[in-house]
Amino acid sequence: MKFPLHRTKFMALLIILSASLLTLKDSQALNLKTHKISNTVYALVGELGPRTYENNGLNNTMGFVITGNGVVLIDSGASPIGAAEISKRVAAVTSQPIKWVINTGSQDHRWLGNSYFRQHGAEIIALKKTVTTEKKFVDDHIRGLRNTLKERADGIVPQYATNELDTNHAKLTLGGVKFEIIWFGNSHFPGDSVVWLPAQKIVFTGDMVYLDRMLGILPYSNVLSWQKSFHKMEQLNPKWVVPGHGNVYPLATAQAETGNYLDFLVNGVRKAQADWLELDDTVNLLSEKKRVAPFVHLKNFDSWHRTNINRTYLTLESVE
Ligand SMILES: [Zn+2]
């Protein structure tokens with residue numbers, strides 16, 4: 001009766017193999033990379049593509065800072081399940097608890113994981129301006145996540161800041177480390193802010209900066225104040241920029257992929273309107289190969305560039 005034994009062994013091996021493949025697939029699918037910037041400052045870099053069921057809506061970049069007395073998390077992910085994944089990434093680096101969460105923006109993956117960290121005892125910090133926009137769009141964000149995350153969106157409960165700061169520039173010391181939360185102007189969404197570590201010269205920009213992938217001008221974005229905000233942020237002269245989407249780079253990359261692109265949109269459309277070009281002609285002109293050469297390598301370029309010109313044209317037309 002050798003055959004049945006072999007068969008059993010073979011089946012057992014198959015089960016083990018498929019189980020380990022599944023684990024591998026799960027962890028690859030999530031693809032939330034931990035990027036060490038210094039011994040105490042880390043970025044968590046999500047996928048560059050869209051939100052998916054597999055990535056738990058974590059297609060953005062977040063980060064954390066280990067202080068002398070607990071961890072400060074910058075942005076909390078899109079859901080409690082995503083937050084638990086973030087928590088695991090932090091626990092892989094330090095045994096300290098996450099004591100504070102700062103939200104840089106109002107988009108789902110900046111703050112809808114807050115409830116998880118609150119339940120684990122963290123204080124949630126955000127500028128009042130940011131919270132105002134969170135409240136305004138919360139239903140839309142949750143509806144969108146339900147479509148993508150299905151049952152994984154079930155536990156989402158909006159948890160607003162427990163420490164809401166009614167200022168445009170907050171200075172805090174958390175666990176002995178200095179943090180500044182600064183609103184330079186409305187960007188991707190109204191109320192978007194950045195977190196600045198003055199001693200380390202590292203800035204977490206939230207959705208003000210997109211690297212490796214094309215930024216998106218949304219109906220709620222203000223391209224003019226976004227451009228101005230970026231140039232104010234530049235004055236901090238950061239050594240490292242942790243963007244809202246994409247990998248961590250020096251300031252020069254942020255200037256090349258976000259700052260120059262915002263200048264390209266605003267200045268290009270302004271010139272076209274001064275020349276009395278219609279919308280379609282402006283979109284075609286500013287999509288010419290030689291003009292877009294500095295940006296065409298960015299992921300999602302084809303799906304966003306023409307829309308971005310379009311929305312810039314309409315904004316400038318209405319205000320200038
Ligand atoms: Zn985003």
Side-chain angles (χ1 to χ4, degrees), residues 46-51 57 59-61 75 104-110 129-130 132-134 136-137 140-141 144 183-194 205-234 241 243-246 253-274 277-289 291-320:
E47 289 178 344
L48 292 177
R51 291 167 185 74
N59 66 335
N60 59 324
T61 302
D75 293 332
T104 62
S106 57
Q107 224 182 356
D108 52 5
H109 44 214
R110 303 271 152 228
K129 276 191 162 61
T130 310
T132 301
T133 311
E134 286 172 357
K136 191 170 172 193
F137 293 114
D140 301 316
H141 284 307
W183 175 81
F184 284 119
N186 295 337
S187 303
H188 191 236
F189 273 77
D192 283 350
S193 66
V194 309
T205 67
D207 283 331
M208 178 200 281
V209 177
Y210 281 56
L211 303 177
D212 301 318
R213 62 164 274 193
M214 172 52 70
L215 62 82
I217 309 286
L218 298 178
Y220 336 97
S221 308
N222 183 326
V223 66
L224 286 171
S225 60
W226 191 344
Q227 180 199 23
K228 286 188 191 122
S229 309
F230 182 90
H231 292 307
K232 285 184 199 160
M233 182 280 293
E234 262 176 336
V241 175
H245 293 267
T253 308
Q255 289 166 323
E257 297 187 353
T258 291
N260 290 354
Y261 184 68
L262 291 165
D263 290 345
F264 172 88
L265 286 177
V266 173
N267 301 340
V269 169
R270 196 174 269 150
K271 165 92 172 52
Q273 289 182 347
L277 283 193
E278 295 292 340
L279 174 58
D280 284 354
D281 295 334
T282 304
V283 172
N284 290 334
L285 179 76
L286 297 180
S287 300
E288 283 175 6
K289 253 188 178 170
R291 293 178 198 269
V292 297
F295 314 113
V296 79
H297 65 285
L298 297 170
K299 193 174 164 69
N300 308 333
F301 175 87
D302 288 333
S303 40
W304 276 106
H305 180 63
R306 295 176 80 88
T307 303
N308 287 342
I309 302 168
N310 203 307
R311 294 210 167 112
T312 303
Y313 190 99
L314 297 176
T315 301
L316 263 65
E317 196 175 45
S318 66
V319 298
E320 295 195 336

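Keep in mind that what you see is a predicted model, and the values were worked out from it rather than measured. Position 1 is the first residue of the sequence, and the numbers go up from there.
Listed by chain and residue number, nothing satisfies the side-chain hydrogen bond (donor to acceptor under 3.5 Å, both in side chains) test with N60 (two or more places apart in sequence, or in another chain). In this structure, the side-chain contact (heavy atoms from CB on, under 4.5 Å) partners of N59, at least two apart in sequence or on a different chain, are R51, N55, H109, R213, H245. Taking the side-chain hydrogen bond (donor to acceptor under 3.5 Å, both in side chains) definition, one finds that T104 meets it with D75, sequence neighbours left out. Looking at residues two or more places apart in sequence or on another chain, you find a side-chain contact (heavy atoms from CB on, under 4.5 Å) between R270 and L224, V266, N267, L316, E320. Qualifying ring-ring contact (aromatic ring centres under 6.0 Å, His included) partners for W226, counting only residues two or more places apart in sequence or in other chains: H188. Residues meeting the ring-ring contact (aromatic ring centres under 6.0 Å, His included) test with F230, sequence neighbours left out: none.
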Audit row: T282, V269, side chain to side chain contact (heavy atoms under 4.5 Å, CB included) steps and yes/no: CA-CA 7 Å; T282 304; V269 169; 4.3 Å; yes
Working for side chain to side chain donor-acceptor pair (under 3.5 Å), residues E234 and Q255: CA-CA 8 Å; E234 262 176 336; Q255 289 166 323; 3.0 Å; yes
Can you list the steps and then say if R306 with N284 is a side chain to side chain contact (heavy atoms under 4.5 Å, CB included)? CA-CA 8 Å; R306 295 176 80 88; N284 290 334; 2.7 Å; yes
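Annotation: the span from M214 atom CE to L298 atom CG amounts to 5.0 Å, rounded to 0.5 Å. Going from atom OG of S187 over to atom CE of M233 covers 9.5 Å, rounded to the nearest 0.5 Å. Residue L314 holds its CG atom at 12.0 Å from CD1 of I217, rounded to the nearest 0.5 Å.
Closest non-hydrogen pair, T315 versus S318, comes out as O-OG, 2.8 Å. The minimum heavy-atom distance linking P294 with R291 is given by the pair CD-O, 3.4 Å. Considering every non-hydrogen atom in both T130 and S106, the closest pair reads O-CB, 3.9 Å.
Listed for the K232 side chain is a donor-acceptor partner under 3.5 Å among the backbone atoms of F184. S225 contributes a side-chain N or O that, together with a main-chain N or O of N186, makes up a donor-acceptor pair within less than 3.5 Å. Looking at T312, its side chain never comes within 3.5 Å of a backbone N or O of L265 through a donor-acceptor pair. Without hydrogens or angle criteria, N308 side chain to L215 main chain gives a donor-acceptor distance under 3.5 Å. Within the 3.5 Å criterion, the main-chain N or O of W183 finds no donor-acceptor partner in the side chain of S193. In this structure, the side chain of T61 engages the main chain of G246 through a donor-acceptor pair within 3.5 Å. Between the side chain of E134 and the main chain of Q107, no donor-acceptor pair closer than 3.5 Å is present.
Counting only heavy atoms from C-beta outward, the side chains of L279 and N310 approach each other to under 4.5 Å. L277 places a side-chain heavy atom less than 4.5 Å from the side chain of L285. Side-chain atoms of I309 and S287, non-hydrogen and from C-beta on, do get closer than 4.5 Å to each other. Side-chain contact between S221 and R311: absent, with no pair of heavy atoms (C-beta onward) separated by less than 4.5 Å. Side-chain contact between K299 and D212 is absent, with no heavy-atom pair separated by less than 4.5 Å. No side-chain heavy atom of K129 sits less than 4.5 Å from a side-chain heavy atom of T132.
By the 30° and 60° cut-offs, the orientation of the rings of F189 relative to Y220 is parallel. By the 30° and 60° cut-offs, the orientation of the rings of F137 relative to H141 is perpendicular.
D207 and R110 are joined by a salt bridge, as a carboxylate oxygen and a charged side-chain nitrogen come within less than 4.0 angstrom of each other.
Between the side chains of H231 and D263, at least one donor N or O lies within less than 3.5 Å of an accepting N or O.
Partner F295 forms a ring-ring contact (aromatic ring centres under 6.0 Å, His included) with one of W304, F301, F264, Y210 and no other, that one being F264.
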